[in-house]
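In listed order, ligands and their atoms are each counted from 1.
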Amino acid sequence: MPSPDQPGREAPQRCDLAIVGGGIVGLAVARELSKCHPRASVCVLERESELATHQTGHSSGVVHAGIYYEPGSLKARLCVQGAREMFDYCAERDIAHERSGKLILASDASELPALDELERRGRANGVPSLRRVDAAEASRIEPHARALAALHSPSTGVADYPAVARALARDVREAGGAVVRGCPVENVEVATRSLRLAHALGTTEATHAVFCAGAWADRLAVLAGADPDPRIVPFRGAYLRLRPERRHLVGSMIYPVPDPSLPFLGIHLTRNTDGEVLIGPTALIALARDAYRLGRVRRRDALDTLTWPGTWRLVGRFWATGVSELHRAAVRSALVRAAARLLPELEPDDVEPAFAGIRAQALGRDGRLIDDFVFSRTERALHVRNAPSPAATASLAIARHVAEEARRVFGLEA
Ligand SMILES: Cc1cc2nc3c(=O)[nH]c(=O)nc-3n(C[C@H](O)[C@H](O)[C@H](O)COP(=O)(O)OP(=O)(O)OC[C@H]3O[C@@H](n4cnc5c(N)ncnc54)[C@H](O)[C@@H]3O)c2cc1C
């Protein structure tokens, strides 16, 4: 019997709730909506032939504890709740995960004020068991790392997010929903009592829809009638991995104190659920929303980025950072040098190339990289417009947040 979510399967012609995007956020939203509204027909439309093809399948795999985020922000609240739920979900479904712990290292005195600020934020956000440690204690936790001082977060961990996405899809199907792959939504028409989603397999008429399209979120929102601000600008993040014989250099996770003016966490070392140690990611503006290969350019993506006024405002402010990111992306030893600030024994021969992911980062017209999660609405639709890291960690909590919005805005009965 064909699997109910095989690519090319017919997409339903009608449903009550359509979710566009089969990454971890879309699938978590579909599962939550199926749970809250068991009588509603739910259908996920995913453009690729596999689930979790984009960000969900190309991340560091970290379950963040909630340290970095501005207290009171959606990221702070949904990450702390979501991390707890993610570990519980992985345990229930027998998905690989581990609360392996993380050290954030200040390498010199100039980074201590920013470390203090992270500690303040982590405590305000209710991160469990967070503690400040001195150099001696840091080297007991990670014997090969070098720090002046550090924050230790034992509740940070790792999880196999693609496996989580597949399990969420199973939940949706078991609740009677459809998960259709190979189904790119190409147009959205607002009708009197429905939305018509035109896609490669025909048209699905949905009473309501939630768009969770990651790097393509802005395009679908605009098709549904939303403002083009913010635009998604893709940031390519390339990783190296430690050669197996050098993996002992890293026990769990070693992170730097990040640059507070950027929404990225800096070059880090992460031991994932397979025992591999990843080093990265870089952060380079890409000219394709699927620039997994360095140098891939797609005309439409490039034009969208280059004609957006925010891009030039951003470049004007961060051109020096851009130059050093370009250097790290192009020259492997530069990336190794950045990681060797945290791990002095690291040598260029210790690493090999791994993979790259593309961050879907919302950029305002004013040149502001939008840090927090952003949700918005149009007629009969909700949109997840900015769900960068830690949205994989927070996905189950994001799903509850979106489902509450859906109940309110769409007037759904529980
Ligand atoms: C390099 C990197 C490292 C990261 N590290 C971490 C981490 O350690 N921890 C963490 O919590 N988060 C991390 N993140 C962030 C995390 O991966 C994302 O926040 C999360 O995966 C977002 O999930 P999503 O479902 O919104 O997006 P995606 O996984 O990108 O899914 C969006 C889906 O929408 C589909 N889609 C798009 N357009 C259409 C269309 N027209 N029709 C139908 N389907 C469509 C796409 O094919 C895709 O499958 C990282 C991200 C990157 C790139």
Under a 4.0 angstrom heavy-atom cut-off, which atoms of ligand 1 come close to Cys212? 32 (C), 33 (C), 34 (O)
Can you tell me if Gly61 contacts ligand 1 (heavy atom of the residue under 4.0 Å from the ligand)? yes
Okay, side chain of Glu276, backbone of Asn272: is any donor-acceptor separation there less than 3.5 Å? no
Working note: Val158 + Val63, criterion side chain to side chain contact (heavy atoms under 4.5 Å, CB included); need CA distance, chi angles, decisive distance, verdict. CA-CA 5 Å; Val158 284; Val63 181; 5.7 Å; no
Can you name the atoms of ligand 1, numbered from 1 with element, that are less than 4.0 Å from a heavy atom of Val20? 42 (N), 43 (C)
Show me which atoms of ligand 1 lie under 4.0 Å from any heavy atom of Val62. 7 (C), 8 (O), 9 (N), 10 (C), 11 (O)
Judged by non-hydrogen atoms, does Cys183 sit under 4.0 Å from ligand 1? yes
Going by atom types alone, do Thr207 and Arg14 pair a side-chain donor with an acceptor below 3.5 Å? yes
Taking only non-hydrogen atoms of His58 and a 4.0 Å limit, the atoms of ligand 1 in range are 1 (C), 2 (C), 52 (C), 53 (C)
Closer than 4.0 Å to some heavy atom of Pro388 - which atoms of ligand 1 meet that? 19 (O)
Numbered atoms of ligand 1 (with element) below 4.0 Å of Glu48, judged on heavy atoms: 47 (O)
Regarding ligand 1, does Thr53 bring an N or O atom to under 3.5 Å of one of the ligand's N or O atoms? no
Would you say Asp372's side chain and Lys75's backbone share a donor-acceptor pair under 3.5 angstrom? yes
Check for a donor-acceptor pair, side chain of His268 on one end and backbone N or O of Gly266 on the other, with a separation under 3.5 Å. yes
Looking at Arg173 and Gly177, would you say the former's side chain and the latter's main chain have a donor-acceptor pair under 3.5 Å? no
Would you please determine whether Tyr239 falls within less than 4.0 Å of ligand 1 on a heavy-atom basis? yes
Contacting atoms of ligand 1, where contact means under 4.0 angstrom from a heavy atom of Leu45: 43 (C), 44 (N)
Heavy-atom nearest neighbour of atom 48 (C) of ligand 1 within options Glu186, Glu46, Arg289, Arg181: Glu46
Is there a polar contact between ligand 1 and Val25, counting only N or O atoms under 3.5 Å apart? yes
Donor on one side chain, acceptor on other, Tyr239 and Thr282, under 3.5 Å: no
Answer yes or no: does an N/O atom from Trp216 fall short of 3.5 Å to an N/O atom of ligand 1? no
With atoms numbered from 1 as shown, which atoms in ligand 1 lie under 4.0 angstrom from a non-hydrogen atom of Ala387? 18 (C), 19 (O), 22 (C)
To the nearest 0.1 Å, how far is atom 39 (C) of ligand 1 from its closest protein heavy atom, and which atom is that? Arg47 CD, 3.6 Å
Write out the residue and atom name of the closest protein heavy atom to atom 37 (C) of ligand 1, then the distance separating them to 0.1 Å. Ala213 O, 3.4 Å
Measure from the ring center of His401 to the ring center of Phe373 and say whether it is less than 6.0 Å. no
Determine which pairs satisfy ring-ring contact (aromatic ring centres under 6.0 Å, His included) with at least one residue from residues 209-233, sequence neighbours left out, and list them in order. His54-Trp216, Phe211-His383
Going by distance only, is there an N or O of Val185 that falls short of 3.5 Å from an N or O of ligand 1? yes
Side chain of Arg99, backbone of Thr156: donor and acceptor closer than 3.5 Å? no
Please tell me whether His199 and Thr204 have a donor and an acceptor in their side chains that are separated by less than 3.5 angstrom. yes
If you measure from each non-hydrogen atom of Ile358 to ligand 1, which part falls under 4.0 Å: side chain, backbone, both or neither? backbone
